[in-house]
Every structure is written in structure tokens, then in C-alpha cells.
Asker: 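One structure is given below, represented as C-alpha cells, and several questions about it will come after.
Chain letters run A, B, ... following the sequence lines, proteins first, then strands; residues in each count from 1.
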Amino acid sequence: MENELIEQRKKKLQQLKDIGLSGVSLFPNDFKPIHEADKVLTSYKGFSEEELKNLSKELSLAGRVMALRDFGKSIFFHIKDRTGDIQGYIRRDIIGDENLKFFKDYVDIGDFIGIKGNLFKTKTDELTINVKEFRLLTKALRPLPEKWHGLKDVETRYRQRYLDLISNPEVKEIFFKRTKITKLIRQFFDERGFVEVETPILHPIAGGAAARPFKTYHNALDMELFLRIAPELYLKRLVIGGFERIYEIGRTFRNEGTSTQHNPEFTMIELYQAYATYEDLMDLIEELICFVTETILGTLEFKYGDMQINMTRPWKRINIIESLRSVVGDEFLESDEKLFRKADSFGISHKGIRGKAIVEIFERIVGLEIVDPTFVFGFPFDVSPLARRNDLNHAITDRFELFIAGREFANAFSELNDPIDQNERFIKQVELKAKGEEEVHEMDEDYITALEHGMPPTAGAGIGIDRLVMLLTNSPSIREVIFFPHLRPE
RNA sequence: GAGCCGUUAGCUCAGGCUGGUAGAGCAUCUGCCUUUUAAGCAGAGGGUCGCAGGUUCGAGUCCUGCACGGCUCACCA
């Protein structure tokens, strides 16, 4: 048996049916609101009582009832539409005895109603609709969370996000900002001649990154498929096809644990620009993120948690090896044994890969301490199988990552466009896999064939959108910027 | 996967250390109230205290296991 509150509301719905407003639906859809709460409030903000009285215009709004204050012969209430909240006022001498009784008997907090009436100002100067007509549009059978404290329980907030959105206005703001951010990113690249494209999410080979994929199956083709772990290799095929400036914003899937910074499906943008180098992309990304930040926040200096972030350009650019030398000395770089011993002391699973040990040590010692945006370059060759080798130093690649607030936000490099080199690097990855290394890049012969047709010199980057949204909305967890984060079933 | 914390009414929370059969505010219901806005006043109903065991005469409280969630760590972006 459901609880009393639901029973009561179901009973009201049944009674409405029994009243038998013949031919009238209990869930009507023919009420068309003409006005919006927020617009009404701003347009008539400065009007005096007298001026409002002289307006002959009748307003028509619809929304969810958020609060009710019953005075016997009159009722105050608030409704919420997509733009905001507005107060309504119902009095017996205007609406009549029967209508007032109907409202009292059948309209509950949480229901949707449509109202028509004129504006007036209350004693406390609140613009209010003096209701002449109202209609019950949708009866809610379950009560809303508490009006004052809102909904706090994190689990309920995520599982029933609609309740979170109804009762916690700041949550809605975060998601409005999220939309705005992706729009700004699109605007930025569109203005620079980039073309937005869509590439497959179902991949026969999960390439473009080293991560465990989700597996799925195509019945008609009788084949195993993977949800993409990166769009990279398809986007580069498009560069080969002549799309010299492209980007894709979309969902990517990695079969790994969740945390405050990881969701199994997340959104990133990948972009590719022919005839550019990774250094050009540093400038571009700097410009992009400053543009987005300034438009969203109106400033380049802001707080994220306890951290004060300053995005003023130019951003710092540091070399991984050099930054480690200056912090821990260069002793550990003398030999593999010393390097691996150092990595072991941090509990790093380097699996005997030099580059991996170096990068992981960097992230723990230097990366975590980075606050203001910093480009980190000099990525070792052996952990960058898709990146172009540096012309002067063959141990590293022309690759960088962007760190802000101790986290990685972007990964970019000059693309490897030598098909023979790429083939050898894939073969090395396959050898690593044979040795038991799980997260390696897969061999993709079709991609090699594409490269053999010639890819212009190109640089590409990937930027985590969720993390950017976290940063710009001061959200401590990725779950706060994803409507429905993954949780275990109840 | 490991450690720590949490789970009590529809919602927000007390109670738990020191065991004696569950409380507040909001919401709901009844009555009064025609400018309130966390409306007010008077009254009422509402709980397998996350689940399963154990200890005990007696468990919301103590113990064990499990589930779900949060945080930290590990892996990753």
C-alpha cells in the first residue's frame, strides 16, 4: 500500500473523474499560455499600482504550483514555468464561491495549472496575477520535496534528477551553463572555419586511446562492436578525405570505475587542423578557453573550491622532464632501475614502461600542484603512439596536455602522418598487449591504409567538456554536471 | 577493488556515546482567517528506524554480514 499522501491525491483524481466534467479530459492539453513568468516580472517591474490598473491586457500563464497559502476566502500561490516563479492571487469575490472551492479541493502543490488574469502589486510590492480563470492541467500524484531545504539527499538527487531540478534552482543553472558552454565552443570553431562532423560510436576496433571499451554486438552482421573510446582515428580519416579543419563534440565511453572526475560516458571535443602544429594548438586552446570563461563568468580570475584560478594569458608552458629535474633532481633519470624505483615509491604501476613511469611521477609531483592553466609538453615517445616524434629529440613527441587545478583538461599533439612509422608503433602496442598490458592502442590496418593515401601535416586535440563545465560552475563532482550520472541499480 | 563516513515520516533533520519500544519543522488532513510569501492560530493522522542475522528479559541505539550512496585512494580523461 502506498502512503497516505499519494492515496489522497489519487482519490482527488478519481473524484474529478466522478464529477464528470463530461467531455473534458482530466489531463487537458489545450491550454496555451501566452506569457512567461520572468518576462512579465521584468516588463512590468517599474509600473505603479495605477499604471497596472489601466492595463487592459489579460495575462495567461501556466506552470507548476510551488507554494500555496490559503486565507479562507482568498489564496496566494506561486507557479513555476521554464523562466521562473510568479505569484498568483485568487479571491472569492472575483472568482466566485464554486471556483474557489474547486481550487481548494483539487489543486495541490506540484500540480500544473493554467491561469488568466491581470497584474497588480501586493502590499509588499510583489507583482502578482489577480486570477480571473484557472484550469487544472496536470494532477501530481506524489508530493514535492520540502520547500525550504529543498532536496538534499545526493542519491535521490541523481536518481530522480527531475526532483532536483524542480526544487534546487541552482542545479538548473549549472545545466543551462553547460549548454551555453558547448554552444560557445561550437561558435568559436565555426568562426574559424572548422566543420562540425559526426563519426561512428560503434567501432569494430576501439582505437584512438588506450582504455578498456564497452563491448556490444550487432546481430545482423554477427559481429562484436565496441563503443568508441575516442573518435580520433575516424576524424583523421576525414582529414585525409579533405576536411582540413574539423571538430566533433560527443559522447565517449570507457569501461572504467567512476569517481568525482570520471563517468563511464563523458563528453569531449576533438578537433583537427591541417597545417598546424601542437604549438599552434596551444595558442588556439588558450584562446578558446579564455573566450568561453570570459563569456560565462565575465572574468578570467575565479575560484574553484579553495583554489584561486587566474587564466590571464599567456599560460605557462613547462617541460615534463625539466620540471621534474627541478623538483626531485635528475638522479632518478640516470637509469631505468632508478626511475622505476622512484615510480614504485609512489605506488605507480609503470609495468616497465619508461614513459609511463615518467608521466605518472610528473602527475603526482608536479601535475597535482598546478593551479593556473599550464601546458605540459615533452611527452615520452613510448606513451604517445599516435603523436609525431620531436624533430630534435627523438625520445619525446610533439604533444602536450593542459593542466588546470591539478587536473588534465586537454591532450593534443602534432599527428603522426608517416604510415610506416604508425604501423611499427601499432605493432609495438600489440607486442605490449601480448605481454599482458591491458590498456594499449589496438592495431588498425584500415587506418594505416588511410594514412598511406597521405594525411597532410595536422595537429589535433581533445578537451574534456565535463571537466570544463565543472571548472566554470565550481562543481566538485562530475555528477553535478551530468544529468543522469551512472549509479548502481537500487 | 581498498579505507572512512552515512542510510530514522513524502522532504530536511534530532535521538544513538550511556539499550527500556520514536521526536521536531515543512508537507498532508480538519477548523478559523480576503494582501500572504518559510503566512498565522487551534487540533489530527502519518514510521517494517536500509536489509538479514546475533547479543539481551528488551535493539533505532551494541556486534557481524550484506545492499545502496558519499568522500579518499587505486585505474583513467
Asker: Counting only side-chain N and O atoms of A:Arg9, is one of them less than 4.0 Å from OP1 or OP2 of B:rU28?
Answerer: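 For A:Arg9, the contact criterion (side-chain N or O under 4.0 Å from OP1 or OP2 of B:rU28) is not met.
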Asker: Per the side-chain hydrogen bond (donor to acceptor under 3.5 Å, both in side chains) rule, what does the pair list look like for residues 361-382 of chain A, sequence neighbours excluded?
Answerer: A:Glu360-A:Arg364
Asker: Taking atom C1' of B:rG10 as reference, at what distance in whole Å does atom NZ of A:Lys152 sit?
Answerer: 16 Å
Asker: Within the sub-3.5 Å range, which N or O atoms of nucleotides 31-35 of chain B have a protein N or O partner, and how far apart are they?
Answerer:
residue: B:rC33; atom: N3; partner: A:Asp70; partner atom: O; Å: 3.4
residue: B:rC33; atom: N4; partner: A:Gly72; partner atom: N; Å: 3.3
residue: B:rU34; atom: OP2; partner: A:Lys73; partner atom: NZ; Å: 3.4
residue: B:rU34; atom: O4'; partner: A:Ser74; partner atom: OG; Å: 3.2
residue: B:rU34; atom: O2; partner: A:Tyr89; partner atom: OH; Å: 3.4
residue: B:rU34; atom: O2; partner: A:Arg91; partner atom: NE; Å: 3.1
residue: B:rU34; atom: O2; partner: A:Arg91; partner atom: NH1; Å: 3.4
residue: B:rU34; atom: O2; partner: A:Arg91; partner atom: NH2; Å: 3.2
residue: B:rU34; atom: N3; partner: A:Asp93; partner atom: OD2; Å: 3.4
residue: B:rU34; atom: O4; partner: A:Asp93; partner atom: OD2; Å: 3.4
residue: B:rU35; atom: O2'; partner: A:Lys123; partner atom: NZ; Å: 3.1
residue: B:rU35; atom: O2; partner: A:Lys123; partner atom: N; Å: 2.8

Asker: Taking only side-chain N and O atoms of A:Lys11, does any of them lie within less than 4.0 angstrom of OP1 or OP2 on B:rC29?
Answerer: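 No, outside the criterion.
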Asker: Determine, for A:Tyr158 and A:Arg479, whether the Lys NZ or Arg CZ falls below 6.0 Å from the six-membered ring centre while staying within 45 degrees of the axis.
Answerer: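 That pair does not qualify as a cation-pi contact.
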Asker: If pairing requires Watson-Crick or G-U wobble contacts with both distances under 3.5 Å, which nucleotide is the partner of B:rC75?
Answerer: none
Asker: May I ask you to verify whether the side chain of A:Gln87 and the base of B:rU36 hold a donor-acceptor pair under 3.5 Å?
Answerer: yes
Asker: For A:Phe175, is the NZ or CZ atom of A:Arg178 found under 6.0 angstrom from the centre of its six-membered ring and inside 45 degrees of the ring axis?
Answerer: no
Asker: For the pair made of CZ in A:Arg69 and P in B:rU28, what is the distance, rounded to whole Å?
Answerer: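 Whole-Å distance recorded here is 12 Å.
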Asker: Ring-on-base stacking between A:Phe409 and B:rA77, under 5.5 Å between centres and under 30° between planes: is it there?
Answerer: no
Asker: Considering just the side-chain nitrogens and oxygens of A:Arg364, establish if one lies under 4.0 Å of OP1 or OP2 belonging to B:rA74.
Answerer: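 Answer yes for this pair, as a side-chain N or O of A:Arg364 is under 4.0 Å from OP1 or OP2.
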Asker: Looking at A:Arg212, I'd like to know whether one of its side-chain N or O atoms comes within less than 4.0 Å of OP1 or OP2 on B:rC75.
Answerer: no
Asker: Now, which nucleotide makes the Watson-Crick or G-U wobble pair with B:rA67, with each of the two distances under 3.5 Å?
Answerer: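 For B:rA67, the partner nucleotide comes out as B:rU7, under the 3.5 Å rule.
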